[in-house]
Amino acid sequence: MTRTSTVESEQRIAVFPGSFNPFTAGHADIVGRGLALFDRIIIAVGVNASKGESDVAKAVGTIRGIYAGEPRVSVEAYSGLTVHFARERGARFLLRGVRSVKDFEYERDMAQINSQLSGIESVVLFSRPELAALSSSVVRELAAYGEDITPFLP
């Protein structure tokens, strides 16, 4: 094994999947907080029935422009299963952003299932900084009542 491949294999790499629209509220926040946790972030834009190759190519170009000054962020198009793409890139983590408690609960449950089935861990972050400060017990309590926490914020 060469020195370069050893360094690559020791890096903590996360794939941020489904990042088709970089202008979605919280997108930059999730990438920024992801960079605080990981050595590299791969923003992955999936090609599927609703997003053709030309649309994806345009999105990839736009997102690359946004993060051109950050060498630890790369942007790639992919098709197929996200976990296979992550494995191919040497990533052991998926980075997920959520906007509400309901989304958080769903993503957390999916992360547990995904980890058990694939061995790829998911890191779920709120895409609004004011939500990140809430304790998980408050989140669970509010989610038990099916509430979005927005009305409870100061």
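Atoms OG and CG, from Ser122 and Asp109 in turn, are 11.5 Å apart once rounded to the nearest 0.5 Å. Taken to the nearest 0.5 Å, the CZ atom of Arg89 stands 9.5 Å off from the CZ atom of Arg40. With rounding to the nearest 0.5 Å, the separation of CD1 in Ile120 from CZ in Arg92 is 9.0 Å. Here the OH-CG distance, from Tyr67 to Leu35, works out to 8.5 Å after rounding to the nearest 0.5 Å. The CD1 atom of Ile13 lies 9.5 Å from the CD1 atom of Ile41; values are rounded to the nearest 0.5 Å. Here the CD1 atom belonging to Ile42 is positioned 13.0 Å from the CZ atom belonging to Phe93, to the nearest 0.5 angstrom.
When all heavy atoms of Pro71 and Gly69 are compared, the closest pair comes out as CD-O, 3.4 Å. Taking each heavy atom of Val56 and Ala77 in turn, the nearest pair found is CG1-CB, 3.6 Å. Taking each heavy atom of Ala14 and Leu95 in turn, the nearest pair found is CB-CB, 4.4 Å. Among all heavy-atom pairs drawn from Ser115 and Glu121, the shortest one is OG-OE2, 2.8 Å.
When side chains are defined from C-beta on, Pro17 counts as touching Arg96, because their heavy atoms get closer than 4.5 Å. In this structure the side chain of Glu76 reaches within 4.5 angstrom of the side chain of Phe85, judged on heavy atoms. No side-chain heavy atom of Leu94 sits under 4.5 Å from any side-chain heavy atom of Val123.
Note: Phe16 and His27 meet the aromatic proximity criterion, with ring centroids under 6.0 Å apart.
Remark: the backbone N or O of Asp39 is not paired with any side-chain donor or acceptor of Arg12 at under 3.5 angstrom.
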(message) Please determine whether side-chain contact (heavy atoms from CB on, under 4.5 Å) holds for the pair Ser118 and His84, giving the CA-CA distance in whole Å, both sets of side-chain angles, and the decisive distance to 0.1 Å.
(response) CA-CA 9 Å; Ser118 70; His84 292 165; over 6 Å; no
